[in-house]
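In what follows, a structure is listed as structure tokens, so that the remarks can point back to it.
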2 protein chains.
Amino acid sequence: MNTRRTTIKDVAEAAGVGVATVSRVLSGGSASPETRERVLAVATQLDYRPSALGRNLRQQRSGGIGLLVPDITDSFYGRLADGVLACARAAGEPVILGTTGDDAEREAEQIGMLLEQGVGRVVAVPAGDAEIWAPTLRTGLTTVFAHRSAAGHDDVPAVLADDRSGVRTAVDYLTGLGHRRIAYLGGPGQEQRVAVFRQALGALVDEELIVFARGSRDSAYAAAAGLFQHRPDLTAVLAGGNLLGEAAVLAARELDLRVPKDLSMIMFDDVPWAELCSPPLTVIAQPAQDIGYRAAELVLREGGRRPRGVLLPTELVVRGSCGPRRTP
Amino acid sequence: MNTRRTTIKDVAEAAGVGVATVSRVLSGGSASPETRERVLAVATQLDYRPSALGRNLRQQRSGGIGLLVPDITDSFYGRLADGVLACARAAGEPVILGTTGDDAEREAEQIGMLLEQGVGRVVAVPAGDAEIWAPTLRTGLTTVFAHRSAAGHDDVPAVLADDRSGVRTAVDYLTGLGHRRIAYLGGPGQEQRVAVFRQALGALVDEELIVFARGSRDSAYAAAAGLFQHRPDLTAVLAGGNLLGEAAVLAARELDLRVPKDLSMIMFDDVPWAELCSPPLTVIAQPAQDIGYRAAELVLREGGRRPRGVLLPTELVVRGSCGPRRTP
DNA sequence: AAACATGATGGAATCGTTTCCATGAACACG
DNA sequence: CGTGTTCATGGAAACGATTCCATCATGTTT
């Protein structure tokens, strides 16, 4: 219990060399074969593990990577986090997780904490816009955005799902089924998607059918129920995330709208329960895990390079929640 | 870009005091009112934020708390993590997240990394048993187990849901509906639950009806499908987690077993989609978020005290997946 | 008034690592 | 044989905070 950790000094002493030599051997510097062998042997025998504390202080950064997501409870961000963790584990780096609740202020607070911890690399699903991120980027924090990018920060590499194509596919599918009054049920930070939605819909666009919820379940349900009640003439809805989709299913059921007879539904993000639902939900699948993995990859090889972002494909998975427009 | 962080030395210089005084003021030590005021003023003016790196090295621990869960993708652990994050945020501590995949070896690897990072406190859903944890506990790592405890480590405080009561309630409910052949579909680390299951079932227990899956979705599905095919005479099943429940619903559907007519189902852990399912699933709700929060609380006030663990209540939420035993 | 208690204060040591620099040996080349 | 080059090596200086300890001033008690 009272045994101090074995330090590099202990190893040096036991091996009969200086601490500098031990450090060199352990971090791949130059050393004569016999010294290297001896040091390595002693190190394993003493079960020496270099303390990250000392190293971090010396080189002014804590190695680890920060991960900022709106809500770890959301299946999508859970998978994204899993991808980041997988990549970080392969690189032997720890991951510091923080949630922002899609709130710019809370996000700033979390960034502050990461900075305080000496974290030099962060993967973030940004909540705030350029004003929030500009100062922190200037501190030299290597940043990669995931899932969405911050307005006015096209210089920050971002790993995104191909929303543009996803929305187009969904809209095409729905219009192809005869739908004309198509709603979009959106969440925070989906401005770009909505822009594509408007563009894809062309003359059919109806601003009243575009509603936004905040991050919470309650807010999503309120938005969905309000939409359905206010505009009973709509025949199809595109939900911008699994939380929104869940709310839409719930609200539709509450209002006795039959899916897909009265209402066709497409949900962004494929989740396991989409298949369990009745009817099973037609979705736009997003490679959440890959997004996380790739983002972590990018942030880890910070080698001065400014890599352009990555765009990952989405996929329309047709199940049973879309049908032809009901004929009045 | 090339501006060094402001250090405590800068503040001391600007305020015309020694670094010791600055440190004292900032960490609540004694100082004269006027000095305190001056130092505080200078600190805010210079936007000084103490570097965790220096502090950590000095006091040989990194403050933050480690969190080890089997799978962050699983809704239950997502909520648990959320609880830990909420508590940690309130305390201003960072959280280092690692996943174990319910694998003892991987768990040991993650513990090693935490130790290397100087993390002195960890909340864990243990995968390994006494042999794995004993050595790490001896290193002085303050540990609190969450959701389940490790065999042979009753001395480690644990925050658990009241499985015993949950299983009893579920079994009573099912037997009350007339069921006699009741299966348990279990996951990793559910030995204790199964013991209670056996006990509650008494003479009705049938070992063939107790099957285990590993952590993955595939494994869960295989276990469920195997069980249903091998023993078509069972009339009720208790799934030991949302992943198992999902698998059971899927397998039942695949085999054309109607729920609840042919098969009654109860699932451990209430998840949003349980209500969306058809029929909606009857569940034993567990306060996952609270478990995380309470565990973090315990691990944070490590004040030498050895608090006994905490047992949080579960709740039977009756929906539509259980019915009277089918009469042959 | 002398002795003593109290409290604020700053210098310096400390934590464990990396890295700069000087030293000395070995070796090659003219 | 002398000079220059390469290479392994260890001492010591960072890194930025906390904290021990000595110092000095002030106030209190006899």
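Proteins come first, then strands; the chains are lettered A, B, ... in the order of their sequence lines, and each starts at number 1. Computation of the quantities below employed the complete heavy-atom set of this structure, encompassing side-chain atoms and omitting hydrogens, waters and symmetry-equivalent molecules.
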Listing time: all N or O pairs from protein to nucleotides 20-28 of chain C that are below 3.5 Å?
none

Which angle, to the nearest 10 degrees, lies between the helix axes at the two ends of the helix from C:dA1-D:dT30 to C:dG30-D:dC1, each defined by five pairs?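 The end axes of the helix from C:dA1-D:dT30 to C:dG30-D:dC1 are about 50° apart, to the nearest 10°.
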
When you measure from the side chain of [X] to the backbone of [Y], do you find a donor-acceptor pair of N or O atoms at a distance under 3.5 Å?
| X | Y | result |
| --- | --- | --- |
| B:Thr73 | B:Asp71 | no |
| B:Arg121 | B:Gly63 | yes |
| A:Ser27 | A:Ser23 | yes |
| B:Arg148 | B:Pro188 | yes |
| A:Glu107 | A:Gly128 | yes |

Tell me the interatomic distance from [X], atom [atom1], to [N], atom [atom2], rounded to whole angstroms.
| X | N | atom1 | atom2 | value |
| --- | --- | --- | --- | --- |
| A:Asp10 | C:dC15 | CG | P | 11 Å |
| B:Glu13 | C:dG11 | CD | P | 11 Å |
| A:Arg5 | C:dT14 | CZ | P | 20 Å |
| A:Leu26 | C:dT19 | CG | C1' | 15 Å |

What I'd like to find out is whether the side chain of [X] reaches to under 4.5 Å of the side chain of [Y], using heavy atoms alone.
| X | Y | result |
| --- | --- | --- |
| A:Val122 | A:Val299 | no |
| B:Thr143 | B:Val123 | no |
| A:Arg38 | A:Val17 | yes |
| A:Phe76 | A:Ile291 | yes |

Looking at residues 30-57 of chain B, who's got a heavy atom less than 4.0 Å off DNA chain C?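 B:Ser30, B:Ala31, B:Ser32, B:Thr35, B:Leu57 - these, ordered by number, are the residues of the stretch whose heavy atoms sit under 4.0 Å from the strand.
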
Reading DNA chain C from 5' onward, which residue's closest nucleotide shows up sooner: B:Gln59 or B:Val19?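 Mapping each residue to its closest nucleotide by heavy atoms, the 5'-most match is B:Val19.
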
Aromatic plane relationship, B:Trp133 with B:Phe145 - under 30° parallel, 30 to 60° tilted, over 60° perpendicular: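 Ring orientation, 0 to 90° scale: perpendicular.
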
Tell me what B:Gly118 touches on the nucleic acid: a base, only sugar-phosphate, or nothing, going by heavy atoms under 4.0 Å.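 Here B:Gly118 touches no strand at all.
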
Where does the chain A footprint on DNA chain D start and end, counting 5' to 3' with a 4.0 Å heavy-atom cut-off?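 Nucleotide range in contact with chain A: D:dA8 to D:dG16.
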
Applying salt bridge (charged side-chain N to carboxylate O under 4.0 Å, His left out), can you list everything that pairs with A:Asp10, at least two apart in sequence or on another chain?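 Scan of A:Asp10 (salt bridge (charged side-chain N to carboxylate O under 4.0 Å, His left out), adjacent residues dropped) gives A:Arg4.
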
Just grab all the salt bridge (Lys or Arg N to Asp or Glu O under 4.0 Å) pairs involving residues 42-64 of chain B, residues at least two apart or on different chains.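 For residues 42-64 of chain B: A:Glu116-B:Arg49.
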
A:Arg106 and A:Thr99 side chains, donor-acceptor separation under 3.5 Å: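 Yes, side-chain donor-acceptor contact under 3.5 Å.
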
